[in-house]
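Take a look at the structure set out below.
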Amino acid sequence: MASRQLEKTYEPKQVEERWYRFWIDRGYFHASTDRSQTPYTIVIPPPNVTGSLHVGHALNNSLQDILIRWRRMQGRNTLWMPGTDHAGIATQNVVERQLMAEGTSRETLGRDAFIQRVWDWKAQSGGTIIQQLKRLGASCDWDRLRFTMDEGLSLAVREVFVRLHEEGLIYRGERLINWCPRCLTALSDIEVEHEESAGKLYHIYYRLADDPQTKLIVATTRPETLLGDTAVAVHPDDPRYKHLIGKQVRLPLTQRTIPIVGDPILVDREFGTGAVKITPAHDFNDFEAGERHGLPRLPILDHQARLDPVGLRAAAVEQAVIEAVELLRVNQARPKIEALLQERGLLATVEAHKMALGKCYRCKTVVEPYLSPQWFVMIKPLAEPAIQAVEDGRIRLIPEAWTNNYLGWMRDIKDWCISRQIWWGHQIPAWYCRSCNADTILETAHEGMATTEAQALPKASRQRVTILSNAKPLVMRTQPTNCPACGGSNFLQDPDVLDTWFSSALWPFSTLGWPEQTPELKTFYPTSTLVTGLDILFFWVARMIMMGLKFTGQVPFRDVYIHALVRDAEGQKMSKSKGNVIDPLSVMDRYGTDALRFTLASMASPGRDIKLAEERIEGYRNFANKIWNAARFILMHIDGPRASGPLADRSFADRWIMSRLNHTIRAVSTSLEQYRFDQAASQLYQFIWHEYCDWYLELAKPSLQDKESPEAGRTRQTLLESFETLLRLLHPFMPFLTEEVWQTVPHEGDSIVTQPYPSPNPDWESKDAEASFACLEQFVTTVRTGRALLNYQPGKKVTLYGAAVGGEHFARLRHLHAYLEHLSRGTVQLTAIETWPTGKVLRLASEGISAGLAVEGEVDLESVLQKLQKQHQENRQEAKRIEGKLGHAEFTSKAPSEVIHEHRERVRILEQESRLLASSETQLRAMMPAKD
RNA sequence: GGGCGGAUAGCUCAGUUGGGAGAGCGCUGCCCUUACAAGGCAGAGGUCACAGGUUCGAUCCCUGUUCCGCCUACCA
């Protein structure tokens with residue numbers, strides 16, 4: 001029966017969807033707790049449910065899929081746990097935009113209806129990225145798909161919250177936190193991005209209260225906040241100012257006087273004027289300085305970062321000033337304040353000043369330090385074991401260079417603000433008894449509410465609830481029925497939700513059923529490897545380690561592979577606004593999924609960002625096509641008997657390719673074990689294209705094409721055996737192509753997905769065949785160079801001569817005589833150089849192998865001669881260099897003997913080549929018409 | 001300010017017990033040779049950023065300099 005024939009080019013689109021469905025239908029990706037094989041587990045970094053696949057996802061998930069498919073083929077019980085993240089702020093924004101387009105708002109809908117809207121949205125659009133991951137070939141166990149807001153995961157969140165609270169590791173308090181005045185919520189420290197920007201440094205006069213002639217100059221970048229100053233600090237050892245400590249200054253634009261305090265921590269004597277204003281309600285350092293000196297906090301900004309009239313009045317700001325700046329945003333108020341100071345002659349100088357501005361990582365709005373009651377995780381006790389786990393190697397970061405980064409951050413970690421003033425997310429499981437907290441729960445819709453805490457709530461919210469920091473929460477797994485203090489049953493649940501990363505931190509065990517001790521948890525936890533980008537090392541990885549250790553007593557994963565960031569071809573970060581985004585979906589459409597995956601793998605070098613250019617993808621598309629065509633060739637020649645038998649009985653070509661295949665299997669396996677996806681990819685590429693296709697298939701042709709050949713049966717056997725094996729070796733990288741091709745060639749089993757991954761076989765190794773190949777390659781390449789020089793047509797039969805330095809190489813050439821004639825397309829005479837004709841032969845040499853080509857017809861002898869001369873010159877230079885080294889007594893006495901021997905051998909070969917080239921030149925000259 | 005990484009062919013990057021500088025893409029020439037023009041064959045192209053040091057010998061190890069990234073930080 002004739003084998004199936006393939007189309008001339010590989011068309012990925014036609015095969016990808018078909019095979020993916022086949023794999024899913026057969027349940028190949030499903031992990032089971034019943035299997036006895038060693039588990040291998042990866043939990044996916046859950047993409048935002050609002051997300052759609054970008055090239056960073058493509059990289060991240062391609063690498064995970066390579067690992068998972070590799071381990072699955074190795075026979076491990078593999079689980080790749082998929083899922084998505086509810087992405088609090090991002091998702092809420094998406095749905096709010098929809099509402100806005102409909103002319104409504106979440107406030108109009110109310111909390112419950114709004115949350116229902118988000119769920120509706122998720123049901124309709126939240127599966128986008130999951131479908132896209134499937135297109136990428138991701139072999140996740142989709143039966144186990146999880147979402148951070150699922151019931152089970154939410155249960156885990158409440159459990160963790162309650163337990164941490166019971167241990168005193170979660171607390172509520174009024175602190176300065178980072179506040180985004182656009183998202184109207186608190187952010188954790190790491191959600192603030194610092195960006196250098198040009199600002200101004202204002203020097204302002206503060207007059208002494210009892211001696212207005214004496215002025216202190218205070219430097220600030222934020223003059224508008226002076227309205228909330230409660231002190232001025234100088235260094236206690238500063239001779240310029242220390243006598244002023246304890247005195248009062250008049251605070252400009254207000255009716256207040258404030259003290260001068262000495263503070264060695266806050267004040268840097270070298271900077272500015274050496275005198276600094278203290279605004280405890282609007283600056284982190286000042287907050288701490290305020291604590292040290294017992295200063296009051298006067299908030300003067302509202303939740304939208306506008307100058308708040310209530311706060312300004314409370315700060316005794318002059319009425320005229322209030323009228324000038326009230327309800328202006330900070331950046332609008334600043335010039336007004338500057339002008340007012342100028343008018344009154346209180347502005348000394350203004351100079352340009354570079355500073356790092358904190359911005360919201362989601363919306364890039366400048367964040368404000370903002371005083372409000374929030375929930376925090378006391379992090380030091382959790383960080384300590386997480387540091388230990390990495391220090392003692394229970395968790396390995398790869399590349400290792402990130403370890404110090406991690407440790408440094410963990411050792412200096414600050415308490416984690418986990419409450420967010422949004423609706424979409426895990427609402428904090430804390431309830432307040434209304435009767436016991438009658439004084440601390442404020443429920444007015446009053447616009448100009450005076451307290452700072454009231455301002456923490458979105459202004460637009462009609463049902464304003466403010467829970468003061470001294471309210472008494474009941475933290476419980478479920479809503480309490482009766483107040484333990486008063487027996488009352490009227491409760492208010494804390495309106496805040498948790499930071500999305502709080503639930504993500506539980507991902508490796510919450511997805512496996514924790515807090516239940518499920519079979520899944522017992523089988524698959526701790527997980528094996530986490531694959532992630534550096535950008536969420538602190539957001540996610542560090543927190544998973546802390547929570548995993550705290551609640552399971554085990555590390556959540558053993559290896560953390562940190563991959564690079566994908567940039568555009570110019571090295572710019574990809575962003576929609578720059579328009580330099582490479583869309584992986586479009587890439588898959590045009591070049592095929594396998595080409596994209598292989599490209600990303602090949603560029604995943606450790607410690608370096610990936611600059612992705614489309615030409616690279618095209619190159620690997622061509623690679624896929626090359627394999628496709630190799631398959632076509634094989635299918636054309638496969639019909640006929642196959643003779644299996646010991647490798648020793650097979651041809652030189654067969655033994656050589658099996659030896660190289662074995663070498664490649666070993667190399668690829670080692671690379672994968674070390675997470676060197678780039679190396680593995682290039683080893684595969686090199687072997688398949690430049691050894692298997694370029695040489696082996698050519699070497700195999702004579703026996704395949706000759707019906708009489710006694711070799712044919714054995715060659716067909718090797719051809720198939722090697723090809724089927726390399727398909728399996730390649731499968732984790734190019735799953736679709738390999739399945740498609742594998743199904744057309746003879747094989748055992750239903751799918752390549754579940755076939756064993758190749759392992760090295762020492763019987764395949766043949767040093768002898770590899771040594772022979774080196775001789776063959778030298779000879780053939782040299783002949784080809786000569787043919788190109790002489791401008792011979794590729795098909796032209798040529799008379800050739802061959803020789804070698806050393807009997808061993810010469811014997812190998814003799815043994816390979818038929819191959820030499822086939823590949824160099826000519827008749828080859830292997831005899832000592834001395835016996836070659838003395839005229840009309842172009843003599844060339846390389847690495848001790850010599851080749852002669854009969855010169856016939858019209859030939860541009862001049863250019864051939866030039867080429868020879870150049871080569872000869874290089875030869876002499878190299879020989880001189882090496883002889884120079886050998887001439888130094890220090891070298892010959894100190895260098896290892898192998899090195900010296902190697903040098904001598906090289907000189908010997910160079911000498912031989914030199915003689916050959918010289919005689920070749922002489923001959924060429926003799927053939928050329930004499931000049932003049 | 002602190003920390004980390006990088007600088008190798010036109011471009012993107014490999015390159016460990018220190019000993020003849022590599023790949024892919026691009027470029028040049030020849031070729032539609034019955035698997036593949038998304039291809040074949042051949043070729044050109046490098047003071048391995050700079051300056052010192054260690055060594056018989058340095059792209060590799062050490063020191064310093066310059067430039068470029070990234071992370072991190074409260075210099076008002």
Side-chain angles (χ1 to χ4, degrees), chain A residues 6 8-10 190 194 201-202 218-222 233 265-268 270-279 283-289 353 355-356 369 399 401-402 404-405 408-409 412 534-535 537-538 565 567 569 571 591 595 602-603 605-613 615-616 618-637 676 678-679 682 685-686 689-690 693-694 697-698 701 705 780-781 784-789 791-796 825 867 878 881-882 885 888-896 898-900 902-903 906 910:
Chain A
L6 301 175
K8 217 173 163 183
T9 53
Y10 174 55
I190 50 179
H194 292 273
L201 192 60
Y202 300 82
V218 164
T220 178
T221 55
R222 305 188 57 187
I265 299 172
L266 184 67
V267 178
D268 172 0
E270 310 300 315
F271 188 87
T273 59
V276 59
K277 62 196 222 42
I278 301 182
T279 322
D283 183 282
F284 290 103
N285 293 319
D286 293 4
F287 181 86
E288 285 172 24
H353 182 68
M355 53 189 198
W402 299 122
N404 280 337
N405 216 334
W409 188 77
D412 192 33
L534 182 66
D535 47 340
L537 181 65
F538 303 143
L565 190 73
R567 298 166 174 278
Y591 300 108
S602 75
M603 299 184 83
S605 307
R608 209 186 250 269
D609 281 345
I610 296 178
K611 292 188 202 167
L612 186 61
E615 296 81 66
R616 293 296 296 263
E618 192 181 349
Y620 291 116
R621 185 272 312 263
N622 296 352
F623 177 52
N625 195 49
K626 186 76 181 177
I627 296 164
W628 179 259
N629 277 289
R632 288 181 67 214
F633 172 81
I634 287 162
L635 290 173
M636 284 174 192
H637 294 93
R676 288 301 303 266
D678 59 327
Q679 270 183 11
S682 90
Y685 185 97
Q686 193 62 27
W689 198 316
H690 295 305
C693 293
D694 285 355
L697 294 183
E698 295 305 323
K701 273 178 187 174
Q705 290 167 347
V780 172
T781 305
R784 284 172 178 167
T785 304
R787 293 183 74 113
L789 276 172
N791 220 0
Y792 287 166
Q793 296 294 300
K796 180 182 167 69
R825 293 172 190 270
K867 164 79 185 172
E878 179 70 2
R881 198 180 66 82
I882 299 171
K885 276 175 90 172
H888 277 97
E890 280 187 309
F891 174 70
T892 47
S893 62
K894 291 186 181 168
E898 311 92 74
V899 173
I900 294 167
E902 209 180 295
H903 278 59
R906 257 154 58 201
L910 287 166

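Chain letters run A, B, ... following the sequence lines, proteins first and then strands; every chain starts at 1. Values below: every heavy atom of this structure, side chains too, minus hydrogens, waters and symmetry copies.
What separates CZ of A/F623 from P of B/G39 is a distance of 12 Å, to the nearest Å. The CZ atom of A/F633 sits 14 Å away from the C1' atom of B/G40 (whole-angstrom rounding). Between A/K796 atom NZ and B/U33 atom P the separation is 18 Å, expressed in whole Å. With rounding to whole Å, A/I610 atom CD1 is found 16 Å from B/C70 atom P. Separating the CD1 atom of A/I900 from the P atom of B/C56 is a distance of 13 Å, rounded to the nearest angstrom. Counting to the nearest Å, the C1' atom of B/C4 and the CH2 atom of A/W409 are 17 Å from each other. Spacing between atom CZ of A/R881 and atom C1' of B/A58 amounts to 13 Å, rounded to whole angstrom units. Rounded to an integer number of Å, the gap from CD of A/E890 to P of B/U55 is 10 Å.
Note on A/T892: nothing from the nucleic acid sits closer than 4.0 angstrom, heavy atoms only. Counting any heavy atom pair closer than 4.0 Å across all strands shown, A/K277 reaches no nucleic acid atom. Among the heavy atoms of the strands, none lies under 4.0 Å from A/Y792. Among the heavy atoms of the strands, none lies under 4.0 Å from A/G786. Using a 4.0 Å heavy-atom criterion, one finds that A/E618 contacts no nucleic acid atom at all. Across all strands, A/K701 comes closer than 4.0 Å to base atoms (heavy-atom distances). Contacts of A/F271 with the nucleic acid, taken as non-hydrogen atoms under 4.0 Å apart, include base atoms. Nucleic acid contact for A/A219: base, since at least one base atom lies under 4.0 Å from a heavy atom of the residue. Counting non-hydrogen atoms under 4.0 angstrom, A/R222 reaches nothing in the nucleic acid. Residue contacts for A/H903: at a heavy-atom cut-off of 4.0 Å it reaches no nucleic acid atom on any strand shown. Backbone-only engagement by A/T220 is indicated by non-hydrogen atom pairs under 4.0 Å involving sugar-phosphate atoms exclusively. Heavy atoms of A/N625 sit under 4.0 angstrom from at least one base atom. Base engagement by A/L266 is indicated by at least one non-hydrogen atom pair under 4.0 Å involving a base atom.
Of all nucleotides listed (B/C71, B/A35, B/A42), B/A42 comes nearest to the side chain of A/A788. The side chain of A/N285 sits closest to B/C74 out of B/A42, B/C74, B/A76. If you check B/C31, B/A42, B/C36 against the side chain of A/Q793, the one that comes closest is B/C31. Checking B/A35, B/G20, B/G40 against the side-chain heavy atoms of A/R632 singles out B/A35 as nearest. If you check B/A14, B/A73, B/G24 against the side chain of A/R676, the one that comes closest is B/A14. Among the nucleotides B/G39, B/C25, B/G24, the one closest to any side-chain atom of A/H690 is B/G24. Nearest nucleotide to the A/E615 side chain, out of B/G19, B/C25, B/C71: B/C25. Proximity note for A/K867 (side chain, C-beta onward) versus B/A42, B/C71, B/A44: the nearest is B/A44. Each of B/A76, B/A42, B/A35 was ranked by its minimum atom distance to the side chain of A/Q705; first place goes to B/A35. Of all nucleotides listed (B/U72, B/A35, B/A76), B/A76 comes nearest to the side chain of A/T221.
A/W689 has a side-chain polar atom (N or O) that falls below the 4.0 Å cut-off from OP1 or OP2 of B/G40. Contact annotation: A/S602 does not reach the phosphate of B/G24 (side-chain N/O to OP1 or OP2, under 4.0 Å). Within the structure, every side-chain polar atom (N or O) of A/N405 is placed at least 4.0 Å from both OP1 and OP2 of B/G3. Proximity of A/K894 to the phosphate of B/G19: no side-chain N or O atom is located under 4.0 Å from OP1 or OP2. Checking the phosphate oxygens (OP1, OP2) of B/U12, no side-chain nitrogen or oxygen of A/Y620 falls inside 4.0 Å. A close approach under 4.0 Å does not occur between any side-chain nitrogen or oxygen of A/R616 and OP1 or OP2 of B/U12.
Within the 4.5 Å cutoff, the side chain of A/L565 has no heavy atoms near those of the A/L534 side chain. Contact annotation: the side chain of A/K8 approaches that of A/R632 to within less than 4.5 Å [non-hydrogen atoms, C-beta and beyond].
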Wobble G-U and Watson-Crick pairs count when both distances are under 3.5 Å; given that, what is the 5' to 3' dot-bracket string of RNA chain B, with | for pairing to other strands? (((((((..((((.....[..)))).(((((.......))))).....(((((..]....))))))))))))....
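A/A895 and A/I900 get closest at one heavy-atom pair: O-CD1, 3.5 Å. When every heavy atom of A/D678 is checked against every heavy atom of A/S602, the shortest pair comes out as CB-O, 3.3 Å. Shortest non-hydrogen contact noted between A/R676 and A/P606 is NE-CD, 3.5 Å. A/L201 and A/T221 make their closest contact through CD1-CG2, 3.8 Å (heavy atoms, listed as atom of the first residue, atom of the second, distance).
Distance check on atom P: B/U63 versus B/A21 gives 26 Å, rounded to whole Å. Comparing B/G22 with B/A9, their P atoms are spaced 14 Å from each other, to the whole Å. B/A58 and B/A44 are spaced 28 Å apart, taking the C1' atom of each and rounding to whole Å. Nucleotides B/G45 and B/G10 have their P atoms positioned 11 Å apart, rounded to a whole Å. The same atom, P, is picked in B/C4 and in B/G64; the two are 12 Å apart, to the nearest Å. Taking atom P in both B/U17 and B/U59, the straight-line distance is 14 Å, to the nearest Å. Rounded to a whole angstrom, the distance from the C1' atom of B/G15 to that of B/G29 is 30 Å.
Remark: A/H353 NE2 is packed, more than 12 non-hydrogen atoms of other residues, nucleotides or ligands lying under 6.0 Å away.
Between A/H194 and A/T9, the one whose closest nucleotide on RNA chain B sits nearer the 5' end is A/T9. Taking the nucleotide of RNA chain B with the nearest heavy atom to each of A/L697 and A/S605, the more 5' of the two is matched to A/S605.
To the nearest 0.5 angstrom, A/I627 atom CD1 is 11.0 Å from A/N622 atom CG. A distance of 5.0 Å separates CD of A/E890 from NZ of A/K894, quoted to the nearest 0.5 Å.
Residue side chain A/R621 reaches the base of B/A38 through a donor-acceptor N/O pair under 3.5 Å, judged by distance alone.
Ring geometry for A/F623 versus A/Y685: interplanar angle of 30 to 60°, hence tilted.
A/R787 places a side-chain N or O within donor-acceptor distance of the main-chain N or O of A/K796, the cut-off being under 3.5 Å. The main-chain N or O of A/V899 is found under 3.5 Å from a side-chain atom of A/H903 such that the two form a donor-acceptor pair.
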